[in-house]
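In what follows, a single structure is set out as structure tokens and then discussed.
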Amino acid sequence: MGDLGNLLDGFAHVATPTNLLMAFLGVLIGTAVGVLPGIGPAMTVALLLPVTYGMGPVQAFIMFAGIYYGGMYGGSTTSILLNTPGESSSVVTAIEGNKMAKAGRAAQALATAAIGSFVAGTIATVLLVVVTPLVVRFAVSLGAPDYFAIMLLAFVAVSAVLGSSRLRGLVSLLVGLVIALIGIDGVSGQQRLTFGVPQLADGLDVVVVAVGIFAVGEALWVAAHLRRKTGEVIPVGRAWMGREDWRRSWRPWLRGTALGFPFGAVPAGGAEIPTFLSYATEKKLAKHHDEFGNGAIEGVAGPEAANNASAAGTLVPMLAIGLPTTAVSAVMLAAFESHGIQPGPLLFDRQPELVWTLIASLFVGNLMLLALNLPLAPLWAKLLRVPRPYLYAGILFFASMGAYAVNSQPFDLFILLVLGLLGFGMRRFGFPVLPLIVGVILGPRAELQGRRALQLSGGDLSGLLGGPVSYTVYGLIVLLLAWPLIRLVLRKANS
Amino acid sequence: MDTDTMVTEKTAPTERPGTDRAQYGVCAFLAGLGLLVIVDATGIPNTVSSTDLLGPRPVPLLIGALLLGISVVYGIDVARGGRGEPEHGEDIDLASPIDWRTVLLLIGVFAANAVLIERLGWVISGGLLFWGAAFALGSRRYVLTAAVSAALSLGTFYAFAIGLGVNLPAGVLQGIL
């Protein structure tokens with residue numbers, strides 16, 4: 001049980017005053033921005049990344065882990081009290097949660113979300129500890145063609161499966177791949193798409209791209225359609241729940257966890273699908289059928305647990321293979337890189353202290369989140385009343401600060417503006433932003449692995465096909481792409 | 001949510017008649033981007049070596065070709081009435097038309113910060129950025145906004161530039177701060 005020893009070491013590293021403070025700050029900031037409309041966890045990590053350049057990577061990641069879990073939880077408060085979910089993964093929570101709040105049961109809805117998130121987060125982090133080393137052991141045996149195939153799978157999954165339109169997802173992915181081309185090609189040293197501008201030779205910094213697309217793009221898009229009258233915030237006291245609520249919540253929590261973790265851990269997962277599945281399951285299993293649609297606590301408990309469990313699951317491919325499947329994990333991957341750390345199977349060998357401290361801080365952050373959120377619910381509700389001009393002006397302010405701090409050049413601010421306008425256009429025309437970010441981050445690596453595979457095969461294109469692992473992955477890709485067709489055939493056969 | 005997009009895209013026009021013609025602009029943008037990538041790629045000397053049998057050129061050529069291809073598919077989709085659903089959010093009211101005045105003001109304020117940041121320093125230009133952006137977004141409590149701007153820009157400068165060693169320029173206030 002070397003992993004258990006490593007994990008205990010990790011706890012020892014977290015338990016210093018500075019690191020506990022970082023975890024606390026992360027959870028606090030994460031929940032606050034999760035509650036605030038317009039700011040998601042991905043944007044927060046991107047905005048705060050330049051600030052952490054002065055810290056050590058361990059401290060930075062303890063804070064990011066707190067932001068990650070805090071942001072996931074904070075979204076549920078907005079859904080329950082305001083009925084306007086910010087992240088797609090909290091859409092389901094709003095259905096029953098807001099009904100509960102309107103019926104005067106806001107405290108119970110917030111409590112089942114908070115405790116459910118804690119239960120799911122803790123179980124899912126234990127699963128993460130068990131599963132990740134297994135994935136690492138498998139991943140070290142992979143060669144360049146296998147990595148190339150897995151990255152193609154990630155491209156197909158984020159663009160064709162997770163969004164509502166395959167076409168728009170693919171467009172977004174291609175634009176991301178073009179952004180990734182900018183700069184000097186690492187293998188040959190040739191400049192691509194730099195147009196002789198020296199500042200472009202190093203390529204666009206992923207932080208600048210993420211901040212531009214998430215923060216500036218979002219602020220401009222909201223500004224274009226700003227709601228002049230903000231929604232009604234339902235007042236709430238301390239979050240708590242009674243014996244009957246506990247009795248009705250614990251099974252949905254466990255079922256939600258069981259649905260959320262696997263979906264988060266596979267490259268085609270994400271947090272939306274398991275929350276919907278969990279809602280459907282609870283509705284089917286509930287004894288109080290008539291309560292669904294009028295504020296059933298099971299409809300909050302299950303999806304919230306699924307949401308948090310999938311957040312933990314997402315970290316498995318991110319840490320073990322270096323494969324991001326959600327916007328937050330994509331930005332976290334960029335954060336690792338800007339601290340000079342390369343996630344993937346070798347990370348566990350080279351920097352076990354960092355990895356296990358990060359995992360230990362997930363447990364600590366989860367506990368802090370519970371301790372913080374039950375008594376602080378009224379405070380979070382107040383946060384929903386921040387004047388919107390200040391909120392979005394603040395986003396632009398911190399975006400400019402962060403992007404300038406990356407390279408200390410005003411040129412980046414113009415790039416940021418251009419990317420912000422791109423993000424604005426994507427929101428206007430309904431293009432998902434996740435494929436673009438994944439394209440920017442994985443594009444150069446997919447190209448590198450592909451070229452390496454061709455070098456090994458002596459330039460023969462069959463080198464890209466590789467062995468059994470990549471055959472399986474290509475099979476999956478074909479299945480994903482052909483899925484609508486297969487479903488059509490199945491439906492015809494049934495009727 | 002669903003992979004069943006073919007159905008939703010076909011039923012879209014019955015809900016709201018008329019195609020979203022601005023999407024043809026997106027189509028042209030994609031085609032233009034594809035061409036640009038291809039033209040740029042043909043200008044790269046394709047240096048092939050024993051460690052790099054592919055060279056730097058084929059990948060951009062492939063991506064450019066895919067962009068050209070997808071711009072055609074996208075154009076067909078738009079012509080058949082396909083439309084992307086604008087993004088929702090807590091503070092977004094999609095029933096209102098795009099408020100170009102606010103957007104252009106924000107772009108102007110943002111660009112002004114980019115031009116001024118090194119000359120005036122972060123404290124002044126960042127403060128102007130916050131004040132201007134809040135004004136553009138409809139804040140009319142000028143003095144309160146100015147106080148918030150000053151607090152934010154001074155606070156971030158001391159906390160991040162001096163406290164954490166983040167690179168923010170002092171500009172004209174060099175030596176005073």
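Letters A, B, ... are given to chains in the order of the sequence lines, protein chains preceding strands, and every chain is numbered from 1. Just so you know, these numbers come straight off a predicted model, no measurement behind them. The basis for the numbers below is simple: all heavy atoms, side chains too, and nothing from hydrogens, waters or symmetry mates.
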Point to revise | Neighbours of chain A found in residues 146-155 of chain B - heavy atoms under 4.5 Å | key: B:V148, B:L152, B:S153
Review point. Checking salt bridge (charged side-chain N to carboxylate O under 4.0 Å, His left out) for the pair A:R428/B:D20: CA distance, chi angles, key distance, verdict?
Key: CA-CA 11 Å; A:R428 154 69 177 83; B:D20 181 6; 3.0 Å; yes
Check your understanding: CE of A:M426 to CD of B:E87: how many Å apart, nearest 0.5 Å?
Key -> 9.5 Å
Check your understanding: Heavy-atom distance under 4.5 Å to chain A: side chain of B:A41, backbone, both or neither?
Key -> neither
Exercise for review: To the nearest 0.5 angstrom, please state how far the CG atom of B:N113 sits from the OG atom of A:S400.
Suggested key: 5.0 Å
Point to revise | Part of A:L417 lying under 4.5 Å from any heavy atom of chain B | key: both
Review point. Of the backbone (N, CA, C, O) and the side chain (C-beta and beyond), which part of B:L144 lies under 4.5 Å from a heavy atom of chain A, both, or neither?
Key: both
Exercise for review: Please test A:R168 against B:D77 for salt bridge (charged side-chain N to carboxylate O under 4.0 Å, His left out), starting from the C-alpha separation and ending with a verdict.
Suggested key: CA-CA 10 Å; A:R168 287 168 181 80; B:D77 180 66; 3.2 Å; yes
Check your understanding: Measuring heavy-atom distances to chain B, does A:V216 have an atom under 4.5 Å in its side chain, in its backbone, in both, or in neither?
Key -> side chain
Practice item. Against chain A, work out which of B:A161, B:A133, B:A159, B:A134 has the most heavy-atom pairs shorter than 4.5 Å and name it. Key: B:A134
Review point. Are the charged groups of B:D91 and A:R227 less than 4.0 angstrom apart, N to O?
Key: no
Exercise for review: Using non-hydrogen atoms and a 4.5 Å limit, figure out which bit of B:S96 sits close to chain A: side chain, backbone, both or neither.
Suggested key: both
Point to revise | Under 4.5 Å from a heavy atom of chain A, the part of B:F110 involved | key: side chain
**Study point:** B:P97 versus chain A, the contacting section by heavy-atom distance below 4.5 Å
**Key:** backbone
Study note, to complete from the structure: If you tally heavy-atom pairs under 4.5 Å between each of B:L116, B:L105, B:V109, B:L36 and chain A, the highest tally belongs to B:L36
Point to revise | Options A:P387, A:A223, A:G458, ranked by heavy-atom pairs under 4.5 Å with chain B, top entry | key: A:A223
Review point. Would B:Y74 and A:F431 count as a close aromatic pair, with their ring centres under 6.0 Å?
Key: yes
Review point. B:P60 versus A:L193: any side-chain heavy-atom pair under 4.5 Å?
Key: no
Check your understanding: Given a strict heavy-atom distance threshold of 4.5 Å, which part of B:I98 is in contact with chain A: side chain, backbone, both, or neither?
Key -> both
Exercise for review: Flag the pair A:Q190 / B:T47 as yes when at least one side-chain heavy-atom distance between them is below 4.5 Å, and no otherwise.
Suggested key: yes
Review point. Does any N or O in the side chain of A:H225 come within less than 3.5 Å of the main-chain N or O of B:D99, such that one atom is a donor and the other an acceptor?
Key: no
**Study point:** Most contacts with chain A, counted as non-hydrogen pairs under 4.5 angstrom, among B:T102, B:L33, B:I63, B:V73
**Key:** B:I63
Review point. Has B:R21 got more than 12 heavy atoms of other residues, nucleotides or ligands less than 6.0 Å from its CZ?
Key: no
Check your understanding: Which pairs pass side chain to side chain donor-acceptor pair (under 3.5 Å) with one or both residues in residues 28-45 of chain B, sequence neighbours excluded?
Key -> none
Revision key, fill the gap. Note: vs chain A, highest number of non-hydrogen pairs under 4.5 angstrom among B:I44, B:V48, B:V39 is B:I44
Check your understanding: Do B:P86 and A:R427 have side-chain heavy atoms sitting under 4.5 Å apart?
Key -> no
Practice item. Check whether B:Q23 gets within reach of chain A through its side chain, its backbone, both or neither, counting any heavy atom under 4.5 Å. Key: both
Revision key, fill the gap. Cut-off 4.5 Å, heavy atoms of chain A, and the answer for B:I107 is both
Check your understanding: Given a strict heavy-atom distance threshold of 4.5 Å, which part of A:L456 is in contact with chain B: side chain, backbone, both, or neither?
Key -> neither
Practice item. Please state whether the rings of A:Y390 and B:F130 are parallel, tilted or perpendicular, taking 30° and 60° as the class boundaries. Key: tilted
Check your understanding: Heavy-atom distance under 4.5 Å to chain A: side chain of B:L94, backbone, both or neither?
Key -> both
Check your understanding: Which answer fits B:I92, side chain, backbone, both or neither, if we ask what part of it has an atom under 4.5 Å from a heavy atom of chain A?
Key -> both
Practice item. Name the member of B:A136, B:P45, B:A111 that forms the most heavy-atom pairs with chain A at distances under 4.5 Å. Key: B:P45
Point to revise | Under 4.5 Å from any heavy atom of chain A - which part of B:V26 | key: side chain
**Study point:** Residues in residues 119-127 of chain B that sit under 4.5 Å from chain A, counting heavy atoms only
**Key:** B:W122, B:G126, B:G127
Practice item. Report yes if some heavy atom in the side chain of A:L226 is under 4.5 Å from a heavy atom in the side chain of B:D93; otherwise report no. Key: no
Revision key, fill the gap. So CD of B:E118 and OG of A:S408: to nearest 0.5 Å the spacing works out to 8.0 Å
Review point. What part of B:L137 lies closer than 4.5 angstrom to a heavy atom of chain A: side chain, backbone, both or neither?
Key: both
Practice item. For A:I415, check side chain to side chain contact (heavy atoms under 4.5 Å, CB included) against everything at least two apart and list the hits. Key: A:L200, A:L204, A:V208, A:F411, A:L419
Check your understanding: Out of B:A22, B:S49, B:G138, B:A95, which one racks up the most heavy-atom pairs below 4.5 Å with chain A?
Key -> B:A22
Exercise for review: Tell me, out of A:L170, A:L181, A:L391, who's got the most heavy-atom pairs with chain B below 4.5 Å.
Suggested key: A:L181
Point to revise | Max heavy-atom pair count under 4.5 Å with chain B, selected residue of A:W221, A:F398, A:F424 | key: A:W221
Exercise for review: Determine, step by step, whether A:Y404 and B:N167 satisfy the side-chain hydrogen bond (donor to acceptor under 3.5 Å, both in side chains) criterion, reporting the C-alpha distance in whole Å, the side-chain angles of both residues, the deciding distance to 0.1 Å, and the verdict.
Suggested key: CA-CA 8 Å; A:Y404 180 85; B:N167 285 317; over 6 Å; no
Check your understanding: Which bit of A:Q191 is near chain B, if near means a heavy-atom gap under 4.5 Å: side chain, backbone, both or neither?
Key -> backbone
Practice item. Starting at CZ of B:R57, measure out to CG of A:D185 and round the result to the nearest 0.5 Å. Key: 12.5 Å
Exercise for review: Check each atom of B:W100 against the heavy atoms of chain A and say whether the ones under 4.5 Å are side chain, backbone, both or neither.
Suggested key: side chain
Check your understanding: Which answer fits B:L66, side chain, backbone, both or neither, if we ask what part of it has an atom under 4.5 Å from a heavy atom of chain A?
Key -> both
Point to revise | chain B contact via A:Q455 - side chain, backbone, both or neither, heavy atoms under 4.5 Å | key: both
Check your understanding: Quick one: of A:V175, A:L416, A:T194, who has the most non-hydrogen atom pairs under 4.5 Å with chain B?
Key -> A:L416
